[in-house]
Amino acid sequence: ITNVQDDITAEVGYLKYDATVEYDSDKGAVKLNGATVASGIPVQILHGEEAVFTAEANTGISFIKWTDGKDNDLSTDNPYTVSSVTSDITLKAIFECEIAAEVKPAGAGTVTGAGIYAKGSTVTLTATAGGSGVEFTGWAKADSPGTIVSTDNPYEFTASESTSYVAYTLNAYGIHSLLLKLE
């Protein structure tokens, strides 16, 4: 500007982008740069600013992953960081029940049915013995290994929280040894 004869008022504008995060608030919450954001409500971020998204799962639920606005998988990192925002961001935080399962002793068989489940859905875990003379004896939660919760195989239950199960097995020799020790 040259030859200014009057006062000039100038506004400096900053390029801003919308960051929108969707999530099920019954299962968890999401923070953007440390502040909780409402699901589906855009928050503005300045051009070039770092955006750190942190998923916080409610008790008994697990954070699983981030997806984009079209449900394409982005990352399992938590927090998820965009180092320099240069466009609008749409994320979805996926919270579900994560059901894990293993066989003990190791190598005594296999388990199917472990995975990610929506809260309230039916889970079916099935143990398969790994050799002759190996028998399935029961299911226990991994955090309570001495407490058998079911001897059903397959074992069906309703997913209510993230949990890890153990399928216990014994072979004929192990049972015989146990009986000899009791005598």
Side-chain angles (χ1 to χ4, degrees), residues 14-104 106-128 130 139-145 149-150 152-167:
Y14 293 97
L15 191 54
K16 297 179 183 178
Y17 297 105
D18 286 338
T20 306
V21 182
E22 296 177 9
Y23 59 91
D24 184 341
S25 60
D26 289 338
K27 297 177 182 175
V30 173
K31 290 185 175 181
L32 170 57
N33 295 337
T36 301
V37 293
S39 180
I41 306 297
V43 176
Q44 290 198 326
I45 300 176
L46 295 177
H47 175 82
E49 184 176 81
E50 180 178 77
V52 179
F53 298 90
T54 306
E56 297 179 343
N58 291 344
T59 302
I61 302 294
S62 295
F63 166 73
I64 305 302
K65 63 184 175 182
W66 299 100
T67 64
D68 65 12
K70 297 176 183 169
D71 291 328
N72 296 308
D73 291 351
L74 291 177
S75 178
T76 57
D77 293 346
N78 192 26
Y80 177 69
T81 302
V82 177
S83 59
S84 179
V85 176
T86 58
S87 64
D88 290 342
I89 299 170
T90 301
L91 293 177
K92 191 178 212 179
I94 307 298
F95 297 103
E96 298 295 351
C97 298
E98 187 170 10
I99 307 299
E102 65 178 321
V103 174
K104 285 198 179 176
T110 60
V111 174
T112 59
I116 307 302
Y117 290 87
K119 189 173 183 176
S121 63
T122 300
V123 178
T124 303
L125 296 178
T126 304
T128 303
W139 295 98
K141 289 188 177 183
D143 60 358
S144 303
V149 295
S150 177
D152 294 343
N153 191 25
Y155 173 42
E156 281 192 11
F157 60 95
T158 301
S160 61
E161 64 182 354
S162 293
T163 310
S164 184
Y165 287 89
V166 176

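All values below come from the heavy atoms of this structure, side chains included, with hydrogens, waters and symmetry mates left out. Just so you know, residue 1 is the first one in the sequence shown, and it goes up from there.
- Put simply, the side chain of Y117 does not reach to within 4.5 Å of the side chain of E96, judged on heavy atoms.
- Residues H47 and T86 are in side-chain contact: their nearest non-hydrogen atoms beyond the backbone lie under 4.5 Å apart.
- Rounding to the nearest 0.5 angstrom, the gap separating the CD atom in Q44 from the CG atom in D88 is 9.0 Å.
- Side-chain contact between V166 and S164 is absent, with no heavy atoms from C-beta onward closer than 4.5 Å.
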field: Steps toward ring-ring contact (aromatic ring centres under 6.0 Å, His included) verdict (Y80, F63)
entry: CA-CA 12 Å; Y80 177 69; F63 166 73; 9.5 Å; no
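- At a threshold of 4.5 Å between non-hydrogen side-chain atoms, the residues F157 and Y165 count as touching.
- In this structure, CD1 in I41 is found 11.0 Å from CG in D18, a value given to the nearest 0.5 Å.
- When side chains are defined from C-beta on, T54 does not count as touching V30, because their heavy atoms never get closer than 4.5 Å.
- The distance from atom OG of S160 to atom CD1 of I61, rounded to the nearest 0.5 Å, is 8.0 Å.
- You'll find the side chain of V21 stays beyond 4.5 Å of the side chain of L32, heavy atoms only.
- In this structure, D26 and F95 have side chains that are not in contact, with every pair of non-hydrogen atoms separated by 4.5 Å or more.
- Although no hydrogens or angles enter the test, the distance criterion places a donor-acceptor pair under 3.5 Å between the side chain of N33 and the main chain of V52.
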